[in-house]
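All values derive from a computational prediction rather than experimental measurement. Sequential numbering from 1 along the given sequence is applied to the chain's residues.
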Amino acid sequence: MPEMFVDKFRALVPKYLDRPWTEEDGISYEELEELLGAHKFQVPQALVEFYHAVGGCEDLMEAHDFFWDPDELEIEDGFLLFLDEMDEEANWGIRSEHLSVPDPIVWIRTNQPAPRWQSEEATFSEFVFDMFDWVFDGDAEDDD
């Protein structure tokens with residue numbers, strides 16, 4: 001399948017970290033195949049391309065919230081979890097029945113007072129770009 005988002009995800013490095021993208025910022029497709037191959041579920045193309053582009057860049061993978069490592073992905077409550085909120089008050093996921101969609105809608109689970117899922121009304125790629133805009137250019141530090 002042709003790459004849809006790799007170049008846009010790679011562009012996050014120079015945009016927010018003020019340096020050129022390097023091979024070390026990503027995870028090779030060969031390594032991803034090994035890391036993701038043990039899962040008994042499909043991983044959406046946009047998420048695979050995200051890991052390929054910036055999965056090795058700690059400054060992005062842990063830039064406020066924490067993206068899960070590819071081999072740690074799991075399905076819980078019918079959602080593929082991929083991101084934890086830094087204070088563990090929320091998680092983000094993709095409905096398991098939508099894992100074959102190349103760029104599926106993201107959902108958020110708020111954990112207090114009781115776990116509850118709701119749509120972010122954005123695809124994975126839209127969500128990622130919006131999240132990094134908010135973290136690096138918005139009010140991420142002012143929300144406390």
Heavy-atom closest contact (S119 atom, I105 atom, distance):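 Heavy atoms of S119 and I105 come nearest at OG-CG2, 3.5 Å.
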Could you tell me if the side chain of [Y] sits less than 4.5 Å from the side chain of [X], heavy atoms only?
| X | Y | result |
| --- | --- | --- |
| F5 | Q45 | no |
| P44 | P104 | yes |
| L81 | W92 | no |
| R109 | R116 | no |
| Y29 | E3 | yes |
| M131 | L83 | yes |
| L12 | C57 | no |
| V13 | R19 | yes |

So does [X] have more than 12 non-hydrogen atoms from other groups sitting under 6.0 Å from [atom1]?
| X | atom1 | answer |
| --- | --- | --- |
| E23 | CD | no |
| E88 | CD | no |
| E33 | CD | no |
| E34 | CD | no |

Cluster overlap I94 with V101, hydrophobic side-chain contacts below 4.5 Å: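 Hydrophobic grouping puts I94 apart from V101.
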Single hit among V48, D71, L47 for side chain to side chain contact (heavy atoms under 4.5 Å, CB included) with L36: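 Testing each of V48, D71, L47 against L36, the sole residue satisfying side chain to side chain contact (heavy atoms under 4.5 Å, CB included) is V48.
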Give a yes or no on whether the backbone of [Y] and the side-chain of [X] come within a donor-acceptor separation of less than 3.5 Å.
| X | Y | answer |
| --- | --- | --- |
| E85 | D65 | no |
| H52 | I27 | yes |
| D103 | S125 | yes |
| D25 | T22 | yes |

Distance under 6.0 Å and angle within 45° of ring axis: R95 vs W107: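 Yes; both conditions hold, so R95 lies above the ring face of W107.
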Pair K8 + E49: basic N to acidic O under 4.0 Å: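 Answer for the salt bridge query: no.
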Salt-bridge present (K15, D133; N to O < 4.0 Å):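 Salt bridge flag = yes for D133 with K15.
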V106 and T123: CA distance, side-chain angles, deciding distance, side-chain contact (heavy atoms from CB on, under 4.5 Å) verdict: CA-CA 6 Å; V106 171; T123 64; over 6 Å; no
Are [X] and [Y], when compared by the centres of their aromatic rings, separated by less than 6.0 Å?
| X | Y | value |
| --- | --- | --- |
| W117 | F79 | yes |
| F82 | F124 | yes |
| Y51 | F67 | no |

For the [atom1] atom of [X] and the [atom2] atom of [Y], what is their distance to the nearest 0.5 Å?
| X | Y | atom1 | atom2 | value |
| --- | --- | --- | --- | --- |
| D84 | M86 | CG | CE | 12.5 Å |
| F132 | F9 | CZ | CZ | 9.0 Å |
| N91 | E76 | CG | CD | 7.0 Å |

Mutual orientation of the aromatic rings belonging to H39 and F41 [parallel < 30°, tilted 30-60°, perpendicular > 60°]: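 Parallel, since the angle between the ring planes stays under 30°.
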Check against side-chain contact (heavy atoms from CB on, under 4.5 Å), V6 and R10: CA-CA 6 Å; V6 170; R10 285 179 178 165; 3.4 Å; yes
